[in-house]
K.L.:
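Would you mind keeping the following structure in view while I ask a few things?
Note: hydrogens, waters and symmetry copies are ignored here, and every other heavy atom, side chains too, is used.
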Amino acid sequence: MNIKKLSLILFLSTLSLTLAGDIEDVFKTYEAMDKAFVDEKPKELFKNIHNDNTVFWGDKGWLGNYGTVKGWTEGYLKNDYTWTVRDREVKVYGNTAVVATIATQTTTSDKSKTKIYQVRETAVLSKIKNKWKLVHMHLSEFEPKNDD
């Protein structure tokens with residue numbers, strides 16, 4: 001084996017290990033955000049969200065101040081939530097990660113009837129100062145067909 005091939009194999013092995021570590025770190029970051037959201041702990045949630053993040057919900061478009069602590073917490077501190085992930089995939093592209101999730105959200109507000117949503121969520125995280133931060137999120141409710 002010549003030195004060029006050996007160098008390429010070593011480089012690709014190192015890159016693969018680096019990306020695997022990043023994927024695991026993104027999963028951990030996202031799971032921490034899920035937990036903080038359901039446990040209604042905004043300080044914990046916002047440790048992982050960039051100050052200038054953007055949020056889009058279905059056909060409602062940009063949710064205005066939902067990119068801020070106030071916007072996120074106004075909704076969930078008034079409601080009881082559960083968030084059950086049934087499918088989550090992470091792809092890392094250098095210092096950017098894309099997270100695709102299919103989840104079930106249940107919401108109960110003011111002791112009213114519980115609403116159940118099937119949600120597709122796509123998020124973009126950036127590695128900033130060696131820490132993954134959420135910079136964009138898009139959520140859409142959908143009606144599952146068979147095994148969607």
K.L.:
Can you find a heavy atom in the side chain of Tyr117 that is under 4.5 Å from one in the side chain of Thr106?
P.N.:
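No. Closest side-chain heavy atoms not under 4.5 Å.
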K.L.:
Under the side chain to side chain donor-acceptor pair (under 3.5 Å) rule, collect the residues that match up with Thr114, sequence neighbours excluded.
P.N.:
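Counting only residues at least two positions away or on another chain, Thr114 forms a side chain to side chain donor-acceptor pair (under 3.5 Å) with Thr108.
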K.L.:
Which residues pass the side chain to side chain contact (heavy atoms under 4.5 Å, CB included) test with Glu31, sequence neighbours left out?
P.N.:
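Once residues adjacent in sequence are excluded, the partners of Glu31 under the side chain to side chain contact (heavy atoms under 4.5 Å, CB included) criterion are Phe27, Arg88.
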K.L.:
Could you tell me which residues satisfy side chain to side chain donor-acceptor pair (under 3.5 Å) with Ser126, sequence neighbours excluded, listed by chain and number?
P.N.:
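Side chain to side chain donor-acceptor pair (under 3.5 Å) check on Ser126 returns nothing, list empty.
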K.L.:
Below 4.5 Å, heavy atoms only, C-beta onward: do Glu121 and Met137 meet side chain to side chain?
P.N.:
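The answer is yes; the side chains approach within 4.5 Å.
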K.L.:
Donor-acceptor pair, distance only, cut-off 3.5 Å: does the side chain of Lys133 make one with the backbone of Lys47?
P.N.:
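Present.
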K.L.:
My understanding is that only residues two or more places apart in sequence, or in another chain, count here; which of them pass side chain to side chain donor-acceptor pair (under 3.5 Å) with Asn48?
P.N.:
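For Asn48 the side chain to side chain donor-acceptor pair (under 3.5 Å) partners, ignoring immediate neighbours, are Lys131.
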K.L.:
To the nearest 0.5 Å, what is the distance between OG1 (Thr122) and CD1 (Ile102)?
P.N.:
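So the gap between those two atoms works out to 9.5 Å.
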K.L.:
Could you state the interatomic distance from NZ (Lys35) to CD (Glu44), rounded to the nearest 0.5 Å?
P.N.:
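Here the rounded value is 9.0 Å.
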K.L.:
Do Trp83 and Val119 touch side chain to side chain, with heavy atoms closer than 4.5 Å?
P.N.:
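Yes, side chains in contact.
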K.L.:
Is there a side-chain contact between Leu125 and Val135, using heavy atoms and a 4.5 Å cut-off?
P.N.:
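Leu125 does not reach Val135 side chain to side chain.
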K.L.:
Measuring only between side-chain heavy atoms, which start at C-beta, is Tyr93 closer than 4.5 Å to Val98?
P.N.:
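Yes - at least one pair of side-chain heavy atoms lies under 4.5 Å apart.
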K.L.:
Compare all side-chain heavy atoms of Asp22 with those of Lys127 and state whether any distance is below 4.5 angstrom.
P.N.:
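Answer yes - side chains close enough.
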K.L.:
Check whether any side-chain heavy atom of Asp87 sits under 4.5 Å from a side-chain heavy atom of Val85, and report yes or no.
P.N.:
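Asp87 vs Val85: side chains apart.
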K.L.:
Report yes or no: do Trp132 and Ile23 belong to one cluster of Ile/Leu/Val/Met/Phe/Trp/Tyr joined by side chain heavy-atom distances under 4.5 Å?
P.N.:
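As far as the 4.5 Å side-chain criterion goes, Ile23 and Trp132 are connected within one cluster.
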K.L.:
Quick one: does Val99's side chain get under 4.5 Å of Glu89's, heavy atoms only?
P.N.:
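Side chain of Val99 against side chain of Glu89, heavy atoms only: no contact under 4.5 Å found.
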K.L.:
Of all the heavy-atom pairs spanning Ala36 and Leu45, show the shortest one and how long it is.
P.N.:
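Shortest heavy-atom separation between Ala36 and Leu45 comes out as CB-N, 3.4 Å.
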K.L.:
Hey, could you give me the CZ/CD distance between Phe142 and Gln118, rounded to the nearest 0.5 Å?
P.N.:
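Output value for this atom pair is 5.0 Å.
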K.L.:
Taking side chain to side chain donor-acceptor pair (under 3.5 Å) as the definition, give me every residue that meets it alongside Thr29, ordered by chain and number, with sequence neighbours left out.
P.N.:
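Per chain and number, Thr29 pairs via side chain to side chain donor-acceptor pair (under 3.5 Å) with no residue.
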K.L.:
Kindly state each residue pair satisfying salt bridge (Lys or Arg N to Asp or Glu O under 4.0 Å) with at least one member in residues 97-107, sequence neighbours excluded.
P.N.:
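Sorted result for residues 97-107: empty, none.
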K.L.:
Using 0.5 Å steps for rounding, measure from the NE2 atom of His50 to the CG atom of Leu134.
P.N.:
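Atom-to-atom, His50:NE2 and Leu134:CG are 10.5 Å apart.
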